[in-house]
Protein chains: 2
Amino acid sequence: MSTKPVPDIVVARLPLYLRALTAMQSSGKTFVSSKEMAQWLGISSAQIRKDLSHFGEFGKQGMGYAVSELREKLRRILHLDREWPIVVIGAGHIGSAVAAYPGFASHGFRVCALFDNDPAKIGTSIAGLCVHDVRTLPEFVRAHGVRLAMLAVPAEAAQSVAELAVSAGILAILNYAPLNLMLPDHVRVENIDPALHLQHMTYYLG
Amino acid sequence: MSTKPVPDIVVARLPLYLRALTAMQSSGKTFVSSKEMAQWLGISSAQIRKDLSHFGEFGKQGMGYAVSELREKLRRILHLDREWPIVVIGAGHIGSAVAAYPGFASHGFRVCALFDNDPAKIGTSIAGLCVHDVRTLPEFVRAHGVRLAMLAVPAEAAQSVAELAVSAGILAILNYAPLNLMLPDHVRVENIDPALHLQHMTYYLG
DNA sequence: CAGTGTGAAAGTCTTCACAGCT
DNA sequence: AGCTGTGAAGACTTTCACACTG
């Protein structure tokens with residue numbers, strides 16, 4: 001066995017293709033060429049064809065790709081053909097906004113609980129979700145088989161809370177705290193830090 | 001002239017170095033080696049040295065880099081040695097959370113106004129900021145010389161609102177709407193889409 | 001003939017490894 | 001000794017360009 005793994009950078013673009021296909025589909029298109037998608041996404045058509053070729057031959061020569069078929073294929077590849085429960089850790093501004101964001105549910109992610117360590121917040125309800133004591137996180141994660149977490153706590157608390165989550169079985173963390181989490185290799189971490197993006201952009205604003 | 005530009009991917013890492021240096025500084029360190037920073041950030045020391053070498057020779061052989069000096073140099077390179085006013089467009093969940101996020105002010109970004117098209121929100125105050133009619137955006141941007149915008153409106157509205165902002169003089173947009181903005185080349189756009197990250201991660205959660 | 005799938009070429013980015021400085 | 005700065009090597013990514021197919 002040991003087939004060469006698909007480069008991570010390619011996997012990262014699949015959700016983009018999925019987004020384009022969903023838009024195409026709702027605008028009634030049934031076939032789309034790599035060139036059209038490329039223009040829509042602002043990348044090259046060769047890249048799209050090469051990326052997709054890692055997973056199979058999805059196109060029809062001379063006419064492009066069947067929109068809904070390719071969309072289904074990508075959903076399966078990304079394991080989006082089922083619902084993913086997620087926990088949000090941290091019920092401050094970011095955690096609350098994240099929990100209320102409708103963009104997750106519409107993609108098959110179900111935010112199922114919020115956790116915090118502030119007694120004033122525990123027991124209250126935010127965006128229709130109960131705020132639990134963070135100490136009950138491991139129990140909850142195990143009981144519900146949750147694998148995904150979004151971490152929105154202050155930087156000082158992030159590392160230890162992340163470890164707690166991982167010890168309970170969390171395998172992937174979307175981290176909003178502005179630091180690098182140090183976690184075992186089997187845990188996938190992606191970071192979102194708007195300040196970093198702004199600092200990147202100001203470089204070009206001479 | 002026409003010195004070769006620094007690769008964008010290198011520029012994107014400078015804010016990370018800045019973050020590490022700030023942490024080092026507040027923990028009292030005065031010198032730091034590329035190796036220490038590398039461990040802290042989870043990247044290689046060679047990469048840090050190579051990246052920094054694009055901008056000059058900042059280190060001292062045998063001892064590393066003077067923390068506060070390098071920090072100042074990076075701040076200047078990224079044009080963070082001054083305050084940047086920013087407007088937030090869209091006063092929904094995301095816009096409000098973004099406007100309230102303390103992480104911008106602490107990095108020299110000053111959110112100076114919120115804009116929306118909902119009459120029920122216009123005139124109210126969110127996170128201590130007045131919500132303006134989006135139709136007054138061009139006027140405001142010109143009057144205050146704002147160059148940076150964060151866009152947090154629904155996907156359907158994003159393209160046209162972005163064009164409005166650009167026509168008024170906005171040069172860089174941090175876009176939270178889940179689509180690719182099509183804008184003139186001189187405008188810098190960076191995107192934040194948490195759903196994309198989640199979809200990327202589920203690939204690995206077989 | 002329009003458009004895919006793909007080797008090969010070109011381009012970009014990272015790591016190596018070491019001369020040279022303190 | 002300890003660590004930087006950097007060419008050269010290596011790894012990875014994108015683009016090219018065309019044989020092939022419906």
Side-chain angles (χ1 to χ4, degrees), chain A residues 2-17 20-21 24 29-74 77 180 200 203-204, chain B residues 2-17 20-21 24 29-74 77 180 200 203-204:
Chain A
S2 87
T3 46
K4 182 140 46 81
V6 176
D8 182 63
I9 195 166
V10 171
V11 176
R13 278 190 295 263
L14 299 185
L16 244 37
Y17 301 161
L21 289 164
M24 303 283 172
K29 255 182 129 47
T30 55
F31 273 84
V32 66
S33 68
S34 58
K35 202 166 147 199
E36 284 172 287
M37 269 173 88
Q39 281 169 220
W40 209 83
L41 291 166
I43 60 180
S44 83
S45 62
Q47 181 159 80
I48 293 178
R49 294 199 300 279
K50 183 67 112 196
D51 284 355
L52 294 178
S53 76
H54 282 98
F55 301 94
E57 309 201 350
F58 303 134
K60 305 213 194 324
Q61 316 268 31
M63 32 181 116
Y65 304 85
V67 173
S68 78
E69 184 192 311
L70 180 55
R71 183 167 176 278
E72 277 317 306
K73 292 256 164 73
L74 290 182
I77 290 166
N180 268 76
H200 179 184
Y203 175 81
Y204 297 99
Chain B
S2 86
T3 47
K4 182 141 44 85
V6 175
D8 182 62
I9 196 166
V10 170
V11 176
R13 279 191 295 264
L14 299 185
L16 242 38
Y17 301 160
L21 290 164
M24 303 283 172
K29 255 183 129 44
T30 55
F31 272 85
V32 66
S33 68
S34 58
K35 203 167 145 199
E36 284 171 287
M37 270 173 86
Q39 280 169 221
W40 209 85
L41 292 165
I43 61 179
S44 83
S45 62
Q47 181 158 79
I48 294 178
R49 293 199 302 279
K50 183 69 113 191
D51 284 354
L52 294 178
S53 76
H54 283 98
F55 301 94
E57 310 201 351
F58 303 134
K60 304 209 196 326
Q61 318 264 37
M63 34 180 118
Y65 303 87
V67 172
S68 79
E69 183 191 312
L70 180 55
R71 183 167 176 279
E72 278 316 306
K73 291 255 164 73
L74 290 182
I77 290 167
N180 268 76
H200 179 183
Y203 175 81
Y204 297 98

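Reckoned from all heavy atoms, side chains included, excluding hydrogens, waters and symmetry mates. Proteins come first, then strands; the chains are lettered A, B, ... in the order of their sequence lines, and each starts at number 1.
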### Query
Any idea which of C:dT6, C:dT4, D:dT14 is nearest the A:S33 side chain?
C:dT4
### Task
Let me know, please, whether A:G62 or A:Q47 comes out on the 5' side of the other along DNA chain D by nearest nucleotide.
A:Q47
### Query
Nearest to the side chain of B:M63 - D:dC20, C:dT22, D:dG5?
C:dT22
### Task
Write down the distance between CG (A:D8) and P (D:dT14), rounded to a whole number of angstrom.
12 Å
### Rounded interatomic separation in angstrom, taking OH from B:Y17 and P from D:dT4
13 Å
### Message
Just the rounded figure in Å: distance from P of C:dC13 to CD1 of B:I48.
### Response
18 Å
### Query
Hey, what do you get for CG (A:L74) to CZ (A:F58), rounding to the nearest 0.5 Å?
6.5 Å
### Message
Any N or O donor-acceptor pair under 3.5 Å from the base of C:dG3 to the side chain of A:Q61?
### Response
yes
### Message
Over all strands shown, is B:K50 touching base, sugar-phosphate only, or nothing at heavy-atom distances under 4.0 angstrom?
### Response
base
### Task
For A:Q47 and A:S44, indicate whether the former's side chain and the latter's backbone hold a donor-acceptor pair under 3.5 Å.
no
### Task
Using only side-chain N and O atoms of B:Y65, determine if any of them is under 4.0 Å from OP1 or OP2 of D:dG2.
no
#### Entry: Spacing of B:K60 atom NZ and B:S33 atom OG [to the nearest 0.5 Å]
14.5 Å
### Given C:dT4, D:dT15, C:dT15, the nucleotide with the shortest approach to the side chain of A:A46
D:dT15
## Note on the structure
A:E57 CD to C:dG3 P, in whole Å, measures 18 Å
### Message
Please report the distance, rounded to the nearest Å, between CG in A:D51 and P in C:dG5.
### Response
12 Å
### Message
What's A:S34 touching, base or sugar-phosphate or nothing? Going by heavy atoms closer than 4.0 Å.
### Response
sugar-phosphate
### Task
Select base, sugar-phosphate, or nothing to describe what A:I9 touches, counting heavy atoms under 4.0 Å on all strands.
sugar-phosphate
### Task
Grab the CE-C1' distance between B:M37 and D:dT4 for me, whole Å please.
13 Å
### Query
Looking only at side-chain N and O atoms, does A:S44 come under 4.0 Å of OP1 or OP2 in D:dT14?
no
### Message
Once rounded to the nearest 0.5 Å, what's the spacing between atom CG of B:L70 and atom CZ of B:F55?
### Response
11.0 Å
### Task
Take the protein atom NZ of B:K4 and the nucleotide atom P of C:dG11, then report the distance between them rounded to whole Å.
13 Å
### Distance test, side-chain N/O of B:R13 to OP1/OP2 of C:dT14, below 4.0 Å
yes
### Task
For the pair B:D51 (side chain) and B:V10 (backbone), establish whether a donor and an acceptor sit closer than 3.5 Å, ignoring hydrogens and angles.
no
### Task
Mind calculating the distance between CZ (A:F58) and C1' (C:dG3) to the nearest angstrom?
17 Å
